[in-house]
Every structure is written in C-alpha cells, then in structure tokens.
Number of protein chains: 2
Amino acid sequence: MSNDLIKSAHLKTAEIEKASHRDYFNIAISVDCVIFCYHEKELKVLAIKSDLEDFSGLYSLLGDLVRPDEDLDKASYRILMERTGMDDVYLEQVHTFGTIDRHPSGRVITTAYYSLIDAKHQKLRINNNDLQWVPVKQIRRMAFDHKLILDTCLDRLREQVMEHPVIFNLLPEKFSLRELQELYEAILQTDLDRRNFRKKIAIKDWLIDLNEMEDDVPHRPGKLYKLKPEYRRKSARRKMGGPRAAIA
Amino acid sequence: MSNDLIKSAHLKTAEIEKASHRDYFNIAISVDCVIFCYHEKELKVLAIKSDLEDFSGLYSLLGDLVRPDEDLDKASYRILMERTGMDDVYLEQVHTFGTIDRHPSGRVITTAYYSLIDAKHQKLRINNNDLQWVPVKQIRRMAFDHKLILDTCLDRLREQVMEHPVIFNLLPEKFSLRELQELYEAILQTDLDRRNFRKKIAIKDWLIDLNEMEDDVPHRPGKLYKLKPEYRRKSARRKMGGPRAAIA
DNA sequence: AGGAAATATGTACTAACAACACATTAAAAA
DNA sequence: TTTTTAATGTGTTGTTAGTACATATTTCCT
C-alpha cells in the first residue's frame, strides 16, 4: 500500500493522480433513498424486490451509484425523479453507511436520504411492478443493510417531526386535524389525546383555517386546514435562530 | 458513460467489476474530523495549516482518505489516534459533503465526524508545529469547505449538548459546576443564570457529588463533581426509549 | 326519528422555565 | 489582623407548557 505517500486527505494533485489512484479509488459511492408516504392510515416506504440471489424475496431501498460529475444531493433527487416522477420534494440526508462488508459485490459506501411525499399527488407514478409501497410496520428484514438504513431514517423522521413542520409533506394540501393526528400517531406509534393534540398544534401556529369542510367522510365532517406557506420546506431547516435554551 | 448498464446501486458483481469500473470508481472518499476541546474558557478545534497553495495561510481540518479495507468509523478513529494519541474518545458522524467542486484536486466526497476530548488528558500529545488548537470563535475562513463542515458540526454539537450528557467528554473527570456552566456558555454562546443552571443540572441527575473541593482557584473553592459512570458514552445515543412526546 | 360516530371545546393539576437577591466563604490586599 | 474582593451556594414567585379527563354538538346512516 502506498499509504505513506499520503499524509492527509488534503492531497496534492500529483498524489491523487499517481500513486494513490489504484488503491484509493477502489471504493464506490452510492445514495439510498428512504421514500416515505402516508396511505390508508399507514406510513409506507417505497421499496423494490431485490434482484440479487443473496437477497431473493427481500425488498431493498431505491439507490444508485453517484456519478463522478454529480453532487450527492443531486444523485438522490435523480433517483426520486426516476422512480416517482416527482421533483420538488422534501429530502434530507441522514447518515452514511460505510462498513466494509455491507455490499456483497464490493466496497460500496452509501449515503442515506429520506424523503417525504404525498401519496395522492397527481405527478406520482409508480410504473414498475416490483416497485411497491410497503407498510413500514410490516418490514422485518431487507436486502443488504437496508433495514438498518430504514430504521435510522425512521428515527430521524421521528426526531424531525417533533420539532419541525415537515410532516405536512406527507399530506395533501388540505387536511383535517384528524388526518394530521392520525399521521403523527402512525409515525410515532403512539396514541395521542385529541384535545391536547389540537391545543399543541394551535400553539405552534403552523396552520391556516380554510373555512372548508371535509366532504368525503361517513360521519360529521371536520374543518380543513393547510400549512402556512412560510413553513413549507423542501429540506430540513438550515438553523434559523440559535439553539433554544433547554439548559438554564 | 456506461450508466445504462447500471440500473440500480445494487449491482451485480459482473457489473461492478467490468463496465462500470472506469466511470464509477473515480471518486475518492475521505473522512474529516472536527476535534473539539475546551481550554482557557474557550471551545477550540484542532486544525492544521494547509499545505496547499490554493489555501496558503488557512487552516484545515484533520482528515484522510478512507482505505479500501477500512470502515468509515475506523478511519476517523485512526485519524484521531494518529493526531492526538488518544483512542477511547467521543466520536459522532455528522454529515457527508459531496459537491463536485469541493476539492481542487479532484472528486473527493468526505464524511465529517466530530469528536470531544479533554484538553488536559495525559495521553494527549500534539507533536506537530503546524497542528494547533484554534479557538472556534476566531475562525473566519478555512481551506476547502472546512468552514462549512466546522459550522455544521458545531450546530450538531449544540443540539446534542442540550439533550444528552456529551459535554462531559470535554472536561476532566472532576469539575466544578462553575466550569461546567462556563463550558455550556462557551458552546452555546449565551450567558446562563447560575441558579437556574444549577437547578436544571440537579434535575437531570447526571452528577455525583464527590465531597471534594477545588484547590487551584484564587477565590472560594467550589465543590467537585463527576459524571455518573452510566452516562459515559463514547458515541451518541443509539436511541434508548422512544421519542418523548413533544406533540400532544 | 333515533342511533352511531366523530367534531369541538375547557378546566384543574403538575412540571418546567425565567427572573430575581442575599448571606457565606476563602483568598488577597491593606 | 482586619478589610476588601470575588466567587459559592441557595429559594421564591410568576408564567408557561404538559397531562389527564368529560360533555354537548353535528352529521351521516338506517
């Protein structure tokens, strides 16, 4: 190994181009997208039946190698666009997985993103038969380390959902408070008290009362709301305002 | 480009080894470590004077290419060990930076970690002259995108410090409440009320009263405390206990 | 017309947060 | 030795957010 030629990652051009090339450019990098939607009162993730023998019958996440001339974020938008037909979508990087044996075919380091999309959105097209929305709750195993990736993204989603108005990316533009509460319950896997839930949502002041009613429910319809436009975000907050003082 | 041969990242062995190799293994992957310490009432970061002409005079973070047979986490531990002589250190992955032009010598995607170490620890040896502890507050620019990386890690540190007992990795085993408060203030860049601070720390129940006193201060000495051993963590919490219900 | 199912709303208890002041101790200076 | 200085140590009050909990109302369905 030519590693004594390389003292730091901040390499001189000559070093990259000569000695190190054979050793150090032997790692592939990919992105994997955990694409969530909310449908039939369940949180679901877009997954595809693995075509590898090692993992036959198991689902895997949607991913691809990063192209040499492509930003990491762009690569995940590309996958989203290719698979769902949607851009203009909530997307956030979560973690990079790099254990040496995570891919059976060689060294592949992958960066995981999660994405939130509205299942009922018009542009959404899932054209492939092997491509499916799978309820998160019923996934026990996946191909590669994709169950770990899914769980990590799910944890992150749960964290985000408590602090930021990202959940609305999973809902249509107009929604009732019941739908919103059921979605929180599906994500957090808890039951929430309706009165306290409404109070807390009211305090956050994220919503606009549309003065419209549901019209497709077999019971007394609720009011419809939408998210205030200033809270629409296509990716997680880039820190506006310092940390809230939770320590003294 | 041979990308139509490659339908997903979950490649068959043949695909990796043949057609795609030239195109897709042309990205290098590195790790960069943002190593924090607390010294002289300031939060400092370990940095090295850049040896590249493009960035002469600027500091850069400590990083290196990931070796083909090395886990991502291992790579950052290696850097830490090489540079500080310390293992058994707090380390957490933060974000992966992958814009195509971030490195002047070629395509290098880097995964950033931050690390917390006790400046006064015996094992700590900084032997290189260009390697320095630089107060975070006085860093305006760095080489590459390292200022962005630093800021991202600093944001993450601030988030972590509010929720988890990670800050103690920056302190010696025994410390006074004043030292602890000053450290919070240095990290969060705010002033904290002493009485409220102590109350909140007491509630968290992280500390053991050692029944010892400071002996090196030019004023009335305070009591010394240490962190309860069960809260010592070498890396961030792997989620124990579900999310606290901040929404209803 | 009656029943089923969901909407809508308020109060009392508790826990955490913010603002704030004074007596005590030890070292340093006079 | 006395005085001064600078930090430690502690408690109360008002406010805000969190939790638990029950009843009247509206709409659909039969």
Side-chain angles (χ1 to χ4, degrees), chain A residues 40-41 158-159 161-165 171 174-186 188-226 241-248, chain B residues 40-41 158-159 161-165 171 174-186 188-226 241-248:
Chain A
E40 292 169 338
K41 308 201 177 183
R158 287 176 177 145
E159 286 171 19
V161 129
M162 311 300 288
E163 313 254 313
H164 303 282
L171 288 172
K174 303 177 180 185
F175 51 85
S176 68
L177 292 178
R178 176 182 36 78
E179 290 175 292
L180 182 60
Q181 179 177 344
E182 285 169 350
L183 175 50
Y184 271 107
E185 289 173 337
L188 300 175
Q189 289 290 297
T190 50
D191 288 333
L192 302 175
D193 178 87
R194 187 154 40 92
R195 288 158 292 184
N196 293 338
F197 174 78
R198 285 165 185 243
K199 208 183 310 170
K200 209 174 272 186
I201 290 293
I203 287 169
K204 299 218 183 272
D205 199 34
W206 287 337
L207 301 185
I208 298 173
D209 182 342
L210 290 170
N211 292 311
E212 294 178 55
M213 293 289 171
E214 294 179 292
D215 59 0
D216 52 353
V217 286
H219 52 71
R220 175 179 174 183
K223 286 187 182 182
L224 291 175
Y225 295 82
K226 71 170 190 179
R244 55 275 172 242
I247 290 284
Chain B
E40 292 168 338
K41 307 201 177 183
R158 286 177 178 144
E159 286 171 20
V161 129
M162 311 300 287
E163 313 255 312
H164 303 282
L171 288 172
K174 301 177 181 184
F175 52 85
S176 67
L177 293 178
R178 175 184 36 78
E179 289 175 293
L180 181 60
Q181 180 177 342
E182 285 168 348
L183 174 50
Y184 272 107
E185 290 173 334
L188 300 175
Q189 289 291 295
T190 51
D191 288 333
L192 303 174
D193 178 87
R194 185 155 40 93
R195 287 158 293 183
N196 292 340
F197 174 78
R198 283 164 187 244
K199 210 182 307 171
K200 208 174 270 184
I201 290 294
I203 287 170
K204 298 216 183 274
D205 200 34
W206 287 339
L207 302 184
I208 297 171
D209 182 342
L210 290 169
N211 292 312
E212 295 177 55
M213 293 288 171
E214 293 179 292
D215 58 1
D216 51 354
V217 285
H219 54 71
R220 175 178 173 185
K223 286 187 182 183
L224 291 174
Y225 294 81
K226 71 171 191 179
R244 55 276 171 238
I247 292 283

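Protein chains get the first letters and strands the later ones, always in sequence-line order, with residue 1 at the start of each. All of these numbers come straight from a predicted model, not from anything done at the bench.
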Between atom CG in A/Asp216 and atom C1' in C/dA6, what is the gap in whole Å?
14 Å
In whole angstrom, give the distance that lies between atom CG of B/Leu180 and atom P of D/dA7.
17 Å
Roughly how many Å is it from CG in A/Asp193 to C1' in C/dA8, rounded to a whole number?
13 Å
Does B/Lys200 place a side-chain N or O at less than 4.0 Å from the phosphate oxygens OP1/OP2 of C/dC17?
yes
Full working for side chain to side chain contact (heavy atoms under 4.5 Å, CB included) between B/Leu171 and B/Tyr225
CA-CA 11 Å; B/Leu171 288 172; B/Tyr225 294 81; over 6 Å; no
So for B/Arg198 and D/dG9, does any side-chain atom that can act as donor or acceptor lie under 3.5 Å from a complementary atom in the base?
no
Of A/Glu179, A/Glu185, A/Glu182, the residue whose pairing with A/Lys41 passes side chain to side chain donor-acceptor pair (under 3.5 Å)
A/Glu182
For B/Arg178, report the nucleic acid contact type (base, sugar-phosphate, nothing); a contact means any heavy atom under 4.0 Å.
sugar-phosphate
When rounded to whole Å, the NZ to C1' distance for the pair B/Lys223 and D/dA7 reads 16 Å
Work out which heavy atom in B/Arg158 is nearest to a heavy atom in B/Gln189; give both atom names and the distance.
NH2-CG, 3.9 Å
If I take atom CG in residue B/Asp209 and atom C1' in nucleotide D/dT8, what distance separates them, rounded to the nearest angstrom?
13 Å
First of B/Ile203 and B/Arg194 reached from the 5' end of DNA chain C, by closest nucleotide:
B/Ile203
Where A/Gln181 and A/Leu192 come nearest, the two heavy atoms and their spacing
NE2-O, 2.8 Å
With sequence neighbours left out, the residues meeting side-chain hydrogen bond (donor to acceptor under 3.5 Å, both in side chains) with B/Lys223 are B/Asp209
Can you give the donor-acceptor pairs under 3.5 Å from side chains of residues 210-219 of chain A to other protein atoms, not counting sequence neighbours?
from     : atom 1 : to       : atom 2 : distance (Å)
A/Glu212 : OE1    : A/Lys174 : NZ     : 3.0
A/Glu212 : OE2    : A/Lys174 : NZ     : 3.1
A/Glu214 : OE1    : A/Arg178 : NH2    : 3.1
A/Glu214 : OE1    : A/Gly222 : N      : 2.9
A/Glu214 : OE2    : A/Ser176 : OG     : 3.3
A/Glu214 : OE2    : A/Arg178 : NH2    : 2.5

Taking CG from A/Asn196 and P from C/dT9, how many angstroms apart are they, rounded to a whole number?
15 Å
Any donor-acceptor N/O pair under 3.5 Å between D/dT10 base and B/Lys199 side chain
no
Without decimals, in angstroms, what is the distance between A/Asp191 CG and D/dT19 P?
14 Å
Measure from CD1 on B/Ile201 to C1' on D/dT10 and round the result to the nearest Å.
16 Å
Polar pairs (N or O, both sides) under 3.5 Å between protein and nucleotides 25-30 of chain C?
from   : atom 1 : to       : atom 2 : distance (Å)
C/dT25 : O4'    : B/Arg220 : NH1    : 3.4

Quick check: closest heavy atoms across A/Tyr184 and A/Ile201, and the distance to 0.1 Å?
CE1-CD1, 4.2 Å
